[in-house]
Amino acid sequence: MATIKLWFGRQNFHLSKSFLLLKIIAVVFAVLLFCEFLIYYLVIFRCNWPEVKIRGYDSERETLEPVLKAMFLADTHLLGKVRGHWLDKLRREWQMERAFQTALWLLQPEVVFILGDIFDEGKWSSSQAWADDVERFHKMFRHPHHVQLKVVAGNHDIGFHYQMSTYRIKRFEKVFNRERLFSWKGINFVMVNSVALEGDGCNICSEAEAELIKISHKLNCSREQAHRSSQCGDGQLLPASAPILLQHFPLYRRSDANCSGEDAAPPEERGIPFKERYDVLSQEASQKLLWWLRPRLVLSGHTHSACEVLHGAGVPEVSVPSFSWRNRNNPSFIMGSMTPTEHALAKCYLPLEDTVLITYCGAAGFLVVLMLIHFGLLASPFLFGWQLLRKFKTV
């Protein structure tokens, strides 16, 4: 009889141990599924493309202008071998990959623009390190063939002006598009290598300015189709639409003092003056771009924070915050509905890193309590409540 009781006791112990293990596995699996997959769908699902309500007219009837759905993100800063810790890479790059893939699936953009600083160490990485970083980028930001991905260079990709070289620029352009002018659905996008706008007459800077002057000439010819000059020639004209300017460095502004919003720079940093050619473009380069290109909208990155400013005769510029948790707790990207004459922008926030960390900490605390209750080191809250209820009843 004693042997049977001992056998049953061992069986109950093993069953109890198995149930505890199953509970732990279920909790861990549920938390991982939520924090690493579902939370991206739940957050990005709330984002919607903004509506462009302006209609275009032809001579006989009213027609709707074609709308291009464009995503704009900036400063992914994929870590390299020198400063990149493996855990930091794993955590932050997984976040960007899941956010990007989820956004592609839910929002279905037609084109994605990344506004510089794709890599963190492109300015000094070796050939092998560069190849490894590029491979990781293509894996993280993979996209269907019908979605176009366009990239502009940032100072971390090719170096600041004093680090920039023809070799680094060509290495970057071999992987990404070299085109500076991109037109789709009647909309012109000008993608500028803003690092090369130092204005000191260096070979790279001179070539960049000469290229922008040619683009300016093409845009002017497209605007003046009705009064076409002989200098325009008989080549194919661009759409007669004011361009959207895309670059890494923002146009000149004194500081972020007039910027606001939950993803703007922290209040204590907004009043710090910007350094020309380092934090923003110089006043001279900014005026040249506005004069040559006459854009209707400017989008830039670099500051890692959001800001909206007006330049010149009311040209709006939007600074796109960083897409990575490494640079901010609340990353985001811009959704743009574009037509040849109008545009509408909306911001889509990604999950907060704090939310994910708090969820993991809460789950860990729950598992600790569960194990303490199982081993009798802590009374079950249900049992404690039942005993308390019985105590009040007897009284």
Side-chain angles (χ1 to χ4, degrees), residues 71-84 88-89 92-93 96-97 100 111-143 148-180 182 189-198 202-205 207-208 211-212 245-251 275 277-281 285 289 298-305 319-324 326-328 331 333:
M71 250 175 69
F72 303 91
L73 54 104
D75 296 277
T76 54
H77 283 273
L78 272 67
L79 293 173
K81 288 187 175 180
V82 178
R83 299 195 303 187
D88 198 2
K89 282 185 183 180
R92 272 57 186 272
E93 291 183 7
M96 288 190 285
E97 180 177 350
F100 184 76
V111 60
V112 179
F113 295 98
I114 305 182
L115 306 181
D117 278 2
I118 293 89
F119 306 107
D120 194 58
E121 300 179 8
K123 55 189 177 181
W124 63 53
S125 59
S126 64
S127 298
Q128 185 57 51
W130 172 262
D132 293 341
D133 292 345
V134 167
E135 184 178 357
R136 285 180 12 250
F137 172 85
H138 285 314
K139 174 184 175 294
M140 292 168 55
F141 294 93
R142 61 191 181 277
H143 54 280
Q148 297 203 48
L149 180 67
K150 304 292 183 180
V151 175
V152 299
N155 56 288
H156 277 265
D157 301 314
I158 60 176
F160 278 103
H161 178 261
Y162 62 89
Q163 299 169 310
M164 181 178 58
S165 67
T166 302
Y167 166 74
R168 291 193 180 98
I169 293 175
K170 288 186 179 297
R171 182 173 71 173
F172 183 85
E173 291 176 346
K174 186 177 179 180
V175 176
F176 303 104
N177 49 288
R178 195 208 176 283
E179 61 185 327
R180 297 284 179 260
F182 170 67
F189 297 92
V190 180
M191 295 172 284
V192 175
N193 176 6
S194 52
V195 183
L197 298 181
E198 187 79 5
C202 74
N203 290 335
I204 296 174
C205 298
E207 290 174 6
E211 194 171 20
L212 286 171
L245 176 59
L246 307 175
Q247 58 189 30
H248 181 62
F249 283 130
L251 296 176
K275 182 180 177 182
R277 300 179 178 88
Y278 187 84
D279 299 309
V280 293
L281 287 178
L289 285 174
V298 181
L299 290 120
S300 58
H302 189 57
T303 63
H304 299 174
S305 300
S319 290
V320 183
S322 175
F323 193 68
S324 174
R326 189 168 184 262
N327 297 320
R328 50 184 316 108
F333 59 89

Are Arg83 and Asp120 ion-paired here, with the side-chain N under 4.0 Å from a carboxylate O?
yes
Would you call Glu173-Arg180 a salt bridge at under 4.0 Å N-O?
yes
State, yes or no, whether a side-chain contact exists between Met191 and Gln247 at a heavy-atom distance under 4.5 Å.
no
Determine the sole option in Val280, Leu197, Asn155 for which the side-chain contact (heavy atoms from CB on, under 4.5 Å) test with Phe249 is passed.
Asn155
Are Ser322 and Asn327 linked by a side-chain donor-acceptor pair shorter than 3.5 Å?
yes
Is a side-chain N or O of Asp279 found less than 3.5 angstrom from the main chain of Lys275, in a donor-acceptor match?
yes
For Asp132 and Gln128, test the side chains for any donor-to-acceptor distance below 3.5 angstrom and give the result as yes or no.
yes
Any non-hydrogen side-chain atom of Thr76 less than 4.5 Å from a side-chain atom of Asp117?
no
So, Asn177 side chain and Val151 main chain: donor-acceptor pair closer than 3.5 Å or not?
yes
Flag the pair Val195 / Ile204 as yes when at least one side-chain heavy-atom distance between them is below 4.5 Å, and no otherwise.
no
How about Phe137 and Ile114: do any of their side-chain heavy atoms sit closer than 4.5 Å?
yes
Can you tell me how far the OG atom of Ser324 sits from the CG atom of Leu79, to the nearest 0.5 Å?
7.5 Å
Which label fits Phe160 and His302: parallel for a plane angle under 30°, tilted from 30 to 60°, or perpendicular past 60°?
perpendicular
Mind checking whether Leu281 and Leu289 have side chains closer than 4.5 Å, heavy atoms only?
yes
How far does NE2 of His304 sit from CG of Asp75, to the nearest 0.5 angstrom?
3.5 Å
Quick one, Pro321 and Arg328 - any side-chain contact, counting heavy atoms below 4.5 Å?
yes
pair Lys150-Val112: side-chain heavy atoms closer than 4.5 Å:
no
Does any N or O in the side chain of Arg277 come within less than 3.5 Å of the main-chain N or O of Glu198, such that one atom is a donor and the other an acceptor?
yes
With a 4.0 Å cut-off on N to O distance, would you call Arg136 and Glu93 a salt bridge?
yes
Would you say the side chain of Val192 lies within less than 4.5 Å of the side chain of Leu246, judging by non-hydrogen atoms?
no
Arg168 (side chain) donor-acceptor with Lys123 (main chain) under 3.5 angstrom
yes
Among Phe141, Phe333, Phe323, Phe72, the one residue meeting ring pair (Phe, Tyr, Trp, His ring centres under 6.0 Å) with Phe113:
Phe72
